[in-house]
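A short worksheet on the structure shown next.
Model, not experiment: these values are computed from the prediction.
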Amino acid sequence: MTGQLLRTPLTDLVGIKHPVVQTGMGWVAGPRLVSATANAGGLGILASATMTLGELEKAVIEVRSRTTAPYGVNLLADAADAVDRCRLLIDHGVKVASFALAPKPELIAMLKEHGIVVIPSIGAPKHAKKVASWGADAVMVQGGEGGGHTGAVPTTLLLPSVVDAVDIPVIGAGGFFDGRGLAAALSYGAAGIGMGTRFLLTADSAVPQAVKELYLSYGLDGTVVTDKVDGMPHRMLRTELVEELEEASFARRLLPTVRRTLEFKKASGLTWRQLAADGKAMKHAQGRSLAQLALAANTPTMLRAGLVEGDTDAGVLASGQVVGVLDDLPSCEELIERVVTEAVSALRRAASYATPSPH
């Protein structure tokens, strides 16, 4: 295994060897992928939004049985049981808590009191300033090239603006897949990079092989950003199902939405009261309409169908634009070693262009 070639504020903060983060992708970032990333020296993030509290505890125990390296868990800050999930992380000695939405100051304080590193994902410099003032240890910022829920601003503009806005480590995500990207992010002032699609397409990912091969068949125009799945901009593969959803009316999508809501309730074990509480919190935090919240019921089961069950006719497949330049399925160890060694070469090459100081 490659020794530490790059030391950044992120590697120091978390205690990892390489400034490479595997993002918390729902249905993808399970114990196998997270532990493989951790054992390779990166930061693996376990996705918990699609798990019940009991399932999360089992997953955390499994990760620890597979690795002694630091790893993290991604949480929904507005979930009805967010506090219970944070307590679980504390009880099991998880190193990092990442959040898809900004956690409340009280939640940040609770985690930091027990030595847990808090890393929210943010989409704008003003949001980075807010969570930094609340005590967040670092932030992850994803540009529009990224998969899943995403914004419109590209990483090349968003990342430097966030780096300039805060004094805590910034992790760049959206469009990264190799060492040149890591070198570029470090040159912008970031402390590391997060990658989702690139880790989904590894030998250690539990996504069905046929689905991985489908991803690899797409070109640079193979993704689309749509709000027809859950009412929010969501980048995914441009499959026949997604094309159909793009053309369908809301009324036509309503019945499947209701059916998937019932499926998600059964799979999650949540009560109607808990679902309503989560929905109310989402509406307040994200400003979604009731129609958008109804559409949001699509997401968990449709993603599961594609990414877990391999049913691409009934499921959707979240993906970043980098899918169009990927053509292999390395192990996490091979991937991270490749990325950091390429990054060092790229940084040395760039440094060679600087002329000697006259003084």
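Residue Pro103 comes nearest to Ala77 through the heavy atom pair CA-CB, 3.6 Å, listed as atom of the first residue, atom of the second, then distance. The two residues Leu186 and Gly192 come nearest to each other via the heavy atoms CD2-N, 4.1 Å. Taking all atoms of both residues into account, the shortest heavy-atom contact from Ala138 to Pro120 is O-CD, 3.1 Å. In this structure, Ala318 and Gly148 approach most closely via the heavy-atom pair CB-N, 4.0 Å. Here the shortest heavy-atom pairing between Ile108 and Ala136 reads CG2-N, 4.1 Å. Nearest heavy atom pair, residue Ser48 against residue Leu75, reads OG-CD2, 3.5 Å.
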Evaluate the side-chain contact (heavy atoms from CB on, under 4.5 Å) criterion for residues Thr67 and Val63: first the C-alpha distance (whole Å), next the side-chain angles of each, then the deciding distance (0.1 Å), finally the verdict. CA-CA 6 Å; Thr67 184; Val63 172; 4.0 Å; yes
*Between Glu243 and Val224, is a side-chain contact (heavy atoms from CB on, under 4.5 Å) present by the stated rule, with each step listed?*
CA-CA 9 Å; Glu243 296 283 10; Val224 61; over 6 Å; no
Please evaluate residues Leu76 and Arg85 with respect to the criterion side-chain contact (heavy atoms from CB on, under 4.5 Å), reporting the C-alpha separation (whole Å), side-chain torsions for both, the decisive distance (0.1 Å), and the verdict.
CA-CA 9 Å; Leu76 286 177; Arg85 289 172 184 256; over 6 Å; no
query: Given the rule in the side-chain contact (heavy atoms from CB on, under 4.5 Å) test, do Leu326 and Leu216 qualify, once you have shown the distances and angles that lead to the verdict?
result: CA-CA 6 Å; Leu326 303 180; Leu216 294 177; 4.1 Å; yes
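Between the Gln4 side chain and the Gly41 main chain, no donor and acceptor come within less than 3.5 Å of each other. Within the 3.5 Å criterion, the main-chain N or O of Leu214 finds a donor-acceptor partner in the side chain of Ser217. A side-chain donor-acceptor contact under 3.5 Å links Glu342 to the backbone of Gly179. Of the possible polar contacts, none joining the Ser35 side chain to the Arg64 backbone as a donor-acceptor pair under 3.5 Å is found. In terms of modelled atom types and a separation under 3.5 Å, the side chain of Arg238 and the main chain of Thr223 share a donor-acceptor contact. With hydrogens and angles ignored, the 3.5 Å screen pairs no side-chain donor or acceptor of Thr202 with any backbone N or O of Cys332. For Thr226 (side chain) and His234 (main-chain N/O), no donor-acceptor pair under 3.5 Å exists by modelled atom type. No donor-acceptor pair closer than 3.5 Å links the side chain of Gln22 to the backbone N or O of Ala29.
The shortest side-chain heavy-atom distance between Val20 and Leu335 does not fall under the 4.5 Å cut-off. In this structure the side chain of Glu333 never reaches within 4.5 angstrom of the side chain of Asn39, judged on heavy atoms. Residues Val83 and Leu107 have side chains in contact (heavy-atom distance under 4.5 Å, counting atoms from C-beta outward). With contacts defined as side-chain heavy-atom distances shorter than 4.5 Å, the pair Phe99/Val131 does not qualify. Here the side chains of Val60 and Pro31 are not in contact, with every heavy-atom distance at 4.5 Å or above. Using a 4.5 Å heavy-atom threshold, the side chains of Val139 and Val141 count as separate. In this structure the side chain of Leu201 reaches within 4.5 angstrom of the side chain of Lys212, judged on heavy atoms. Within the 4.5 Å cutoff, the side chain of Leu237 has heavy atoms near those of the Tyr215 side chain.
Under the 4.5 Å side-chain heavy-atom criterion for grouping Ile, Leu, Val, Met, Phe, Trp and Tyr, Met51 is not connected to Val96 through any hydrophobic cluster. Under a hydrophobic clustering in which Ile, Leu, Val, Met, Phe, Trp and Tyr are joined whenever their side-chain heavy atoms come within less than 4.5 Å, directly or via other members, Leu200 and Met236 fall into the same cluster. Connection of Leu347 to Leu10 is not established within any shared hydrophobic cluster, with ILVMFWY side chains joined at heavy-atom distances below 4.5 Å, either directly or through further cluster members. Placement of Val170 and Ile193 within a single hydrophobic cluster is found when ILVMFWY residues are connected by side-chain heavy-atom separations under 4.5 Å, directly or transitively. One hydrophobic cluster, built from ILVMFWY side chains closer than 4.5 Å, cannot hold both Ile16 and Val339; they sit in different ones.
Residue pairs meeting the side-chain hydrogen bond (donor to acceptor under 3.5 Å, both in side chains) criterion with at least one member in residues 104-114, sequence neighbours excluded: Lys112-Asp137. Legend: side-chain hydrogen bond (donor to acceptor under 3.5 Å, both in side chains) pairs involving residues 174-184, not counting sequence neighbours, sorted by first then second residue: Asp178-Arg180.
For the atom pair Phe176 CZ and Leu159 CG, the distance stands at 5.5 Å (nearest 0.5 Å). Taken to the nearest 0.5 Å, the CD1 atom of Ile336 stands 11.5 Å off from the OG1 atom of Thr341. For the atom pair NE2 of His18 and OG1 of Thr37, the computed distance is 11.5 Å after rounding to the nearest 0.5 Å. Interatomic distance, CE of Met25 versus CG of Leu33, reported as 5.5 Å (0.5 Å rounding). Atom-to-atom distance recorded for Leu6:CG and Lys17:NZ is 12.5 Å, nearest 0.5 angstrom. Between atom CD of residue Glu55 and atom CD of residue Glu62 there is a gap of 12.5 Å, rounded to the nearest 0.5 Å.
Residues Asn74 and Ser98 have side chains that bring a donor and an acceptor to within less than 3.5 angstrom of each other. With hydrogens and angles left out, the side-chain atoms of Glu57 and His92 include a donor and acceptor closer than 3.5 Å.
Classification of Asp204 and Arg32 as a salt-bridged pair fails, no side-chain N sitting under 4.0 Å from a carboxylate O. Arg338 and Glu334 are not joined by a salt bridge, as no carboxylate oxygen comes within less than 4.0 angstrom of a charged side-chain nitrogen.
In terms of the salt bridge (Lys or Arg N to Asp or Glu O under 4.0 Å) criterion, Asp164 has no residue partners (sequence neighbours excluded).
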